[in-house]
Amino acid sequence: MRKTKGRRGIMTVKIDFEKAYDRIRWPFIRRVLEEAGLDGKFTNLVMDCITSSSLNVLWNGERTEDFLPSQGIRQGDPMSPFIFVLCMEKLSHIIQDRVRDSTWKPVLMTKEGPSISHLMFADDLLLFGEASESQALCMTEAIEMFCVASGAKVNCSKSSVFFSLKVAACVKGRVKSLLGMKISEDFGKYLGFPLSKQRRNKNTFQYVIDRVKSKLAMWKVNCLSTAGRITMAKYVISSIPLYPMQVAQLPISVCQEVERLQRNFIWGRNDESRGYHPVGWETVTQPKKYGGLGIKRLSVMNCAFGAKLAWALIRGSNSLWVEVMQKKYMYREGSSLLQARSTDSRLWKFICKQQSVVEAGSCWQIRNGRSISFFQDCWLFKDKRLKDYCIRQLDSEEIQSSVAEWVRYGTWDLSRLVTVVKGEIIQMLLAILPPMSEAGNDILMWNATAHGNFSVKSAYFLIEKPPAQLHSNVFKKIWAWKGVERVRVFLWLAFHNRLPTNERRRRWSSGSATCAYCEVGIEDEMHIFRDCYYARQVWLSLIHPRYVTVFFMLPLKDWFALNLAEELGLDRVNPWCLIWGVGIWFLWKWRNNCVFQDHLWKPYNPSEVIKKSWHLYCMAIPSYQDLSIPSLNNPCRWSPPPPGWFKLNVDGAVSLSEMKAGCGGVIRDHMGLWISGFTQTLGFCNAYMAEEWALLLGLRRAWDEGLKHILVESDAKLLVEKLLRNCEEPNTTLVFLQIKQMLLFSWDVKIMYVPRVCNLLADGLAKEGRYVTSLIHCCPPRFRNLFCSECMGPVPFSYDFNI
């Protein structure tokens, strides 16, 4: 509207309905439900729910008698939004009828793009059309027709009309008088987002900062623990900016101000006290397993949401906004789909900035191979191109060639490929099915997730890569500690060596660094938790004597790792990590009582206090003796199928050191007798692909044997779950598609997951398949002990074989 150059201008009318829910007539609702094709009984049930409501009012503090309404639907009822949307759909039909008969002239975004006549979200309505008296009259008639039928009423004082730049003042005046609405230069907010033709700066999004401050004003910092403040900052404050940043790039100053409010709130800083920030914000915003609290950087989240929009445009979803943006920007001449010009919209420029993120996170999945460049696209590797693995210079025709052009007679053209790419690429191609013309078009998938679908979280970590850090496994155990959150946060701070001990407080004050209780050692974390005389006596009464030496000699980080992983206590029933965690929590509390409250002293029998009260700080968990541990009397084992059925066990194997992969399987009957087996060399691939090949080749073997009732067992849990979900995912390979196609044959196939201990024979065949491809009609001698042990029940054994 700001850039239109046509002789006739454009106008947008923002409609506000007065008491939208309360004015809808009941006969109109019934008619809408009937026209929507709903069952008569269901319609009567819905209308009974609507018409059976009663109301009363408070008058001078007393309730009046109930009275029955004659129209409207109740706000807050979960059914009401659906009913209201169906009613508003009638207005959409009225507008569409006028667009079809050319009475209503909608706005064309581009010459080939879609036309926009109206945008509607519940009762928030925008109308678009040519800026003329005839269009104003057409809009008025459509709204009046809907209002007469439904009982709705337009609130003209809150409605407004907005004109493009080249509309004459006389036209604006006549349109204003016809519509009875005010002319506005700024729409304000629509669906909670500011619509402004001015440049967006910090003032535009000041409402985000104001909302954060209003939330913080409702909470008293001193009434919340550190864990409570972290929870509120992470799940409440962080969510406020997420809505506007999904469709716009927020100024960096806004993100920084919200983050400043977050960290001040977390560490208890307010107008009266400065507060102590023990852990840097760069650490706090790291994932929990890397030592942080998992709080997201808002500027990075903004870019991740931009990558989401870019991904939707490239994949071509069915949304209206995608169609508009594609026709307006993506289908013009240029070397890149996401290429911005200086005159483009702010939203498009924001989307184009995320091109590098999309390129890093996208990868092709082969189908017919015609859309994928063999050398220039990522398809064999998730983040690398084959042009970097060539052994000679490529000519222009080879550089532009597709994957399908390197297939000959249904197999890879290895005679050509060996002269172009390295041997390791040849080995990887052997484990991949060549493209097939009947498989459909190639699919662009998101390789940063296991299922191939885009997620904002994965895009965030593509932008903000977490650094490798020591003791990440200890952080996992801290956050998995089965206790209250405030103790977990305390363990996290202590492991970071950031508690306000006397040794640390001396750095910003003139106090002493000596321990307040023993008055001998320097008070740091290890002195409070273990080395002080008082703490030492506590632990000596709780830990087993055999662990005393190692317990009192390790440094802080190793000491944490030991106590979170090992059972060191005298009490073998209750978990030591819980008792230890509560123990150091009590020691810290008692230390604070001595330092800040002189009249409060440590208990005389601290170990007994910890023993009696540790469960109050922990969640309800079963004791170790109640944990479900497989019994030796009922071990997991291979079991034969029912009579008339056959069991197929398959497995894949990969040797990373030798860069070899293989698969294998065996078919047995209900007596446990060997029917058929196979091994297959695959070249080189990952374990999941080897499992797919094993299942496909096993099913082919069973079909060739003429078997019609098959039980399939595999220890590939992800593969079995994906088959049972029976849903199409972008990361689906051609091998998986062939497996699904075989399952549709005229036979009975049941697939289930089993642990590795129930699949050892197939595992042995798969390991042999890394070196040998063979069809096995009887059990080989080297597998005879393993075969007999599975049929007769598990016995202690080991197997080994050399090829």
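Atoms CG and CD, on N686 and E692 in that order, are 8.5 Å from each other to the nearest 0.5 Å. Between I240 atom CD1 and K213 atom NZ the span is 12.5 Å, to the nearest 0.5 Å. Expressed to the nearest 0.5 Å, how far SG of C378 lies from CG of N447 amounts to 7.5 Å. Between the CD atom in E485 and the CD1 atom in I230 there is a gap of 7.5 Å [rounded to 0.5 Å]. Interatomic distance, F205 CZ to C255 SG, rounded to the nearest 0.5 Å: 9.5 Å. For the atom pair L570 CG and I543 CD1, the distance stands at 8.0 Å (nearest 0.5 Å).
Annotation: salt bridge (charged side-chain N to carboxylate O under 4.0 Å, His left out) contacts of K288 (sequence neighbours excluded): none. Residues satisfying the salt bridge (charged side-chain N to carboxylate O under 4.0 Å, His left out) test with D524, not counting sequence neighbours, are none. Residues that satisfy the salt bridge (charged side-chain N to carboxylate O under 4.0 Å, His left out) test with E523, not counting sequence neighbours, are R591. Under the salt bridge (charged side-chain N to carboxylate O under 4.0 Å, His left out) criterion, E359 pairs with no residue at all, not counting sequence neighbours.
Summarising the local packing, CE of M752 is surrounded by more than 12 heavy atoms from other residues, nucleotides or ligands at distances under 6.0 Å. By the neighbour-count criterion of 12 heavy atoms within 6.0 Å, atom CZ of F381 is densely surrounded, having more than that number from other residues, nucleotides or ligands. Annotation for F82: atom CZ does not count as buried by contact number, only 12 or fewer foreign heavy atoms lying within 6.0 Å.
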From CA spacing to verdict: salt bridge (charged side-chain N to carboxylate O under 4.0 Å, His left out), E525, R504: CA-CA 10 Å; E525 279 85 353; R504 181 161 288 102; 3.3 Å; yes
Derivation of the side-chain contact (heavy atoms from CB on, under 4.5 Å) call for Y688 and K722: CA-CA 12 Å; Y688 178 81; K722 188 175 179 180; 3.4 Å; yes
Stepwise side chain to side chain donor-acceptor pair (under 3.5 Å) test for T226 and R229: CA-CA 5 Å; T226 303; R229 295 195 297 270; 3.3 Å; yes
F736 and L723: CA distance, side-chain angles, deciding distance, side-chain contact (heavy atoms from CB on, under 4.5 Å) verdict: CA-CA 9 Å; F736 186 86; L723 284 168; 3.5 Å; yes
Worked verdict on Y533 versus D531 for side-chain contact (heavy atoms from CB on, under 4.5 Å): CA-CA 6 Å; Y533 174 80; D531 298 336; over 6 Å; no
side-chain contact (heavy atoms from CB on, under 4.5 Å) evaluation trace for W446 with N453: CA-CA 5 Å; W446 186 255; N453 294 315; over 6 Å; no
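With Q354 contributing its side chain and F350 its backbone, the two residues share a donor-acceptor pair below 3.5 Å. For T285 (side chain) and E282 (main-chain N/O), a donor-acceptor pair under 3.5 Å exists by modelled atom type. Formation of a donor-acceptor pair under 3.5 Å by the R488 side chain with backbone atoms of G483 is found in this model. Proximity of a side-chain donor or acceptor of R498 to a complementary backbone N or O of V279 within less than 3.5 Å is not detected. Of the possible donor and acceptor atoms, one in the side chain of W481 sits under 3.5 Å from a partner among the backbone N and O of C577. With hydrogens and angles disregarded, no donor-acceptor distance shorter than 3.5 Å links the side chain of R756 to the backbone of D715. Distance alone, capped at 3.5 Å, is enough to place a donor-acceptor pair between the K234 side chain and the L293 backbone.
Classification of the W559-W539 ring pair by plane angle, with boundaries at 30° and 60°, yields perpendicular. The aromatic rings of F551 and W576 lie perpendicular to each other, with more than 60° between the two planes, well past the 30° mark. Between F475 and F495, the two ring planes are perpendicular [angle over 60°; tilted spans 30° to 60°]. Between W588 and F490, the angle of the ring planes lies from 30° to 60°, which puts this pair in the tilted group.
Inter-residue side-chain proximity for L444 and W311 is flagged as met; some heavy-atom pair is nearer than 4.5 Å. Residues W267 and P278 are in side-chain contact: their nearest non-hydrogen atoms beyond the backbone lie under 4.5 Å apart. Looking at W281 and I266, their side chains come closer than 4.5 Å, going by heavy atoms from C-beta outward. Contact check for Q206 versus I209: side-chain heavy atoms found under the 4.5 Å cut-off. The shortest distance between side-chain heavy atoms of I579 and N574 falls below 4.5 Å. Contact annotation: the side chain of Y617 approaches that of R486 to within less than 4.5 Å [non-hydrogen atoms, C-beta and beyond].
The two residues C49 and R74 come nearest to each other via the heavy atoms O-NH2, 3.1 Å. Heavy atoms only, all atoms of each residue included: T732 and Q365 are closest at O-CG, 3.2 Å. For H496 against T283, the heavy-atom pair with the smallest separation is CE1-CG2, 3.7 Å. Nearest heavy-atom pair, L578 versus K482, reported as atom, atom and distance to 0.1 Å: CD2-O, 3.6 Å. Nearest heavy atom pair, residue S714 against residue A716, reads OG-N, 3.1 Å. Between R505 and P500 the shortest heavy-atom distance is CD-O, 3.3 Å.
Cation-pi geometry between K189 and Y207 is met: under 6.0 angstrom from the ring centre, within 45 degrees of the axis.
The aromatic ring centres of W580 and F560 sit less than 6.0 Å apart.
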Using residues 295-307 as the side-chain source, report each donor-acceptor pair under 3.5 Å to any protein atom, sequence neighbours left out, with the distance given to one decimal.
residue : atom : partner : partner atom : Å
N302    : OD1  : L250    : N            : 2.7
N302    : ND2  : M245    : O            : 2.9
N302    : ND2  : A248    : O            : 3.0

Could you give the side-chain donor-acceptor pairs of residues 605-613 under 3.5 Å, partners two or more places apart or in another chain?
residue : atom : partner : partner atom : Å
S607    : OG   : S541    : OG           : 3.2
S613    : OG   : V609    : O            : 2.5

